[in-house]
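To keep things clear, I will list the structure first and then write my remarks on it.
Counting from 1, the numbers follow the sequence of the chain as shown. All of these numbers come straight from a predicted model, not from anything done at the bench.
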Amino acid sequence: MVELLIYGSYGYTGELIAEEAVERGIDPVLAGRNERKLSEQAAELDCETVAFGLDDHSAVTDALDPVDVVLNCAGPFVETYEPMVEAATETGTHYLDITGEIDVFQAVAGYDERAADAGVMLMSGVGFDVVPTDCLAAHLAERLPDATHLALGFKGLADISPGTMKTMLNYAGDGGYVRRDGLLESVPAAYRTRKIDFGSGERSAVTIPWGDVVTGYHTTGIPNIEVYMAAPEPAIWAMRGTRPVAPLLDIGPVKSTLQQVIDTAVTGPGERTRERGRGYVWGEVTDEDGGRAVSRLETPETYKLTVESSLEIAERVLDGDAPAGYQTPAGAYGPDLVLDLPGVEREDVV
């Protein structure tokens, strides 16, 4: 029986995860579409490989049938989750991915009953999207049980990988999302701004369509959720300036050209940045009686944390800690999951 299969193992983040998995003695199977890239990676890591595309259902099920856990690192995940989840629920394979895409969280949650019947766990967002924010949301909900509003924010996403950039491109034409009275609501890009103190003074921050508008609701039940990213004022104005041209980004030839540019020009953060960088997460809950609680996290650099959190969760699942059905990180493992990762500290501010 194969313990762990990493799909998209030769992508930027997948490669980091695969290398660390081998360091931990997990011995994963490396997988993806490109047999040449897999062979080169296998020669370095001394791992088995399996090459398959996701447009052939039988090939996917054949690959997953002997596997305990599949970790999908191949984005944009809106294009890869469905064949993986379909196959996983058929083969009894637990499914994890590192997405931050709202549509994917929504869609994977829709498999809850099917996954529960199959006895498998489905968990999207086992990286920086959304482990630290989800855990902070759960912690704040415990601090203020009657909270009606949740705001989350993060700072520290500097250099990004090609896969993350392509995901951002996929959603650039959609504006943003917030959750209001329990329902997802589409809003314009850079819909709202506020000042947030991540621990070193107030910074400007702007709403973005982060996965917590879905996962935070599943984890906490809080009906009003907004997620912010720290950004300088000129960047915020630039985001708002894209509103008139945003529909153009959904045109096939335009998107295809930009994806080619990303493949050529975007490489992701180097080892020095990953080792020295830090991430900062802030959260606030309020209730109808004027109650308020604020907490913060300081974490390793975002991609470094993704490696740590995805493998922490994968190892828990391999050890049998895998509640069946659709799960969120903090929903399955509690708000202190993030504190089990090296280099993470939590502070209650208010």
For residues [X] and [Y], report the shortest heavy-atom separation together with the two atoms involved.
| X | Y | result |
| --- | --- | --- |
| L311 | L4 | CD2-CD2, 4.4 Å |
| T299 | P132 | CG2-CB, 4.5 Å |
| C73 | I6 | SG-CG2, 3.9 Å |
| L64 | A88 | CD1-N, 3.9 Å |
| V60 | A87 | CG1-CB, 3.5 Å |
| P342 | P300 | O-CG, 3.3 Å |

For the atom pair [atom1] ([X]) and [atom2] ([Y]), what is the distance rounded to the nearest 0.5 Å?
| X | Y | atom1 | atom2 | result |
| --- | --- | --- | --- | --- |
| R36 | Y10 | CZ | OH | 9.5 Å |
| I225 | L150 | CD1 | CG | 5.0 Å |
| K37 | T49 | NZ | OG1 | 14.5 Å |
| F52 | R33 | CZ | CZ | 9.5 Å |
| F105 | L184 | CZ | CG | 12.0 Å |
| M123 | T99 | CE | OG1 | 14.0 Å |

Identify the residue among L297, I208, I196 that makes a side chain to side chain contact (heavy atoms under 4.5 Å, CB included) with F154. I208
Could you please spell out the steps behind the side chain to side chain donor-acceptor pair (under 3.5 Å) verdict for S9 and Q41? CA-CA 8 Å; S9 63; Q41 187 178 29; 2.8 Å; yes
Set of salt bridge (charged side-chain N to carboxylate O under 4.0 Å, His left out) partners for D197, sequence neighbours left out: R296
Do M229 and L305 sit in the same hydrophobic cluster, where Ile, Leu, Val, Met, Phe, Trp and Tyr count as joined when their side-chain heavy atoms come under 4.5 Å apart? yes
Under 4.5 Å between side-chain heavy atoms, hopping through other hydrophobics if needed: is there a path connecting L38 to L54? no
Between [X] and [Y] (side chain of the first, backbone of the second, donor and acceptor by atom type, cut-off under 3.5 Å), is there such a pair?
| X | Y | result |
| --- | --- | --- |
| H149 | T286 | no |
| E301 | K304 | yes |
| Y303 | F128 | no |
| T80 | A74 | yes |
| R143 | V294 | yes |

When you compare the side chain of [Y] with that of [X], does any pair of heavy atoms fall below 4.5 Å?
| X | Y | result |
| --- | --- | --- |
| W210 | Y177 | no |
| V67 | T91 | no |
| E288 | D146 | no |
| H57 | E90 | yes |
| V108 | V85 | yes |
| F77 | E82 | no |
| Y228 | L152 | no |
| L96 | I313 | yes |

Side-chain donor-acceptor distances from residues 332-341 under 3.5 Å, at least two apart:
{"residue": "Y333", "atom": "OH", "partner": "D321", "partner atom": "O", "Å": "2.6"}
{"residue": "D336", "atom": "OD1", "partner": "R346", "partner atom": "NH1", "Å": "2.9"}
{"residue": "D336", "atom": "OD1", "partner": "R346", "partner atom": "NH2", "Å": "3.0"}
{"residue": "D340", "atom": "OD2", "partner": "R316", "partner atom": "NH2", "Å": "2.7"}

Residue pairs meeting ring pair (Phe, Tyr, Trp, His ring centres under 6.0 Å), one or both in residues 27-51, sequence neighbours left out, come to none
Walk me through whether V285 and T220 qualify under side chain to side chain contact (heavy atoms under 4.5 Å, CB included). CA-CA 11 Å; V285 285; T220 69; over 6 Å; no
Could you walk me through whether Y280 and E298 pass side chain to side chain contact (heavy atoms under 4.5 Å, CB included), step by step? CA-CA 5 Å; Y280 302 89; E298 183 176 346; 3.6 Å; yes
Using only heavy-atom distances, determine whether the side chains of D134 and T219 contain a donor-acceptor pair under 3.5 Å. yes
Less than 3.5 Å apart, any donor N or O on the side chain of T148 or D287 sitting next to an acceptor on the other? no
Run the side chain to side chain donor-acceptor pair (under 3.5 Å) test against R194 and tell me which residues pass, sequence neighbours left out. E284
Salt bridge present between E226 and R192 (N-O < 4.0 angstrom): yes
Any salt bridge linking E185 with R179? Criterion: basic side-chain nitrogen under 4.0 Å from a carboxylate oxygen. no
Go through the steps to decide whether L183 and D181 satisfy the test side chain to side chain contact (heavy atoms under 4.5 Å, CB included), and finish with yes or no. CA-CA 6 Å; L183 300 175; D181 297 328; 5.8 Å; no
Between L5 and V69, is a side chain to side chain contact (heavy atoms under 4.5 Å, CB included) present by the stated rule, with each step listed? CA-CA 6 Å; L5 183 146; V69 183; over 6 Å; no
Starting from the C-alpha separation in whole Å, work towards a yes-or-no answer on side chain to side chain donor-acceptor pair (under 3.5 Å) for D348 and H139. CA-CA 10 Å; D348 294 331; H139 175 67; 2.7 Å; yes
Testing T215, D97, N72 one by one against S124 for a side chain to side chain donor-acceptor pair (under 3.5 Å), which residue passes? D97
Please report, to 0.1 Å, the donor-acceptor pairs under 3.5 Å made by any side chain of residues 22-32, with sequence neighbours excluded.
{"residue": "R24", "atom": "NE", "partner": "E20", "partner atom": "OE2", "Å": "3.1"}
{"residue": "R24", "atom": "NH1", "partner": "E315", "partner atom": "OE1", "Å": "3.0"}
{"residue": "R24", "atom": "NH2", "partner": "E308", "partner atom": "OE1", "Å": "2.6"}

Does the ring center of H218 lie less than 6.0 Å from the ring center of Y326? yes
S204: partners by side chain to side chain contact (heavy atoms under 4.5 Å, CB included), with sequence neighbours left out: K195, E233, I236
Evaluate the ring planes of W282 and F198, with Trp represented by its six-membered ring, and classify them as parallel (under 30°), tilted (30 to 60°) or perpendicular (over 60°). perpendicular
Would you say E48 has more than 12 foreign heavy atoms packed within less than 6.0 Å of its CD? no
Counting only heavy atoms not in D46 (residues, nucleotides, ligands), do more than 12 fall under 6.0 Å from its CG? no
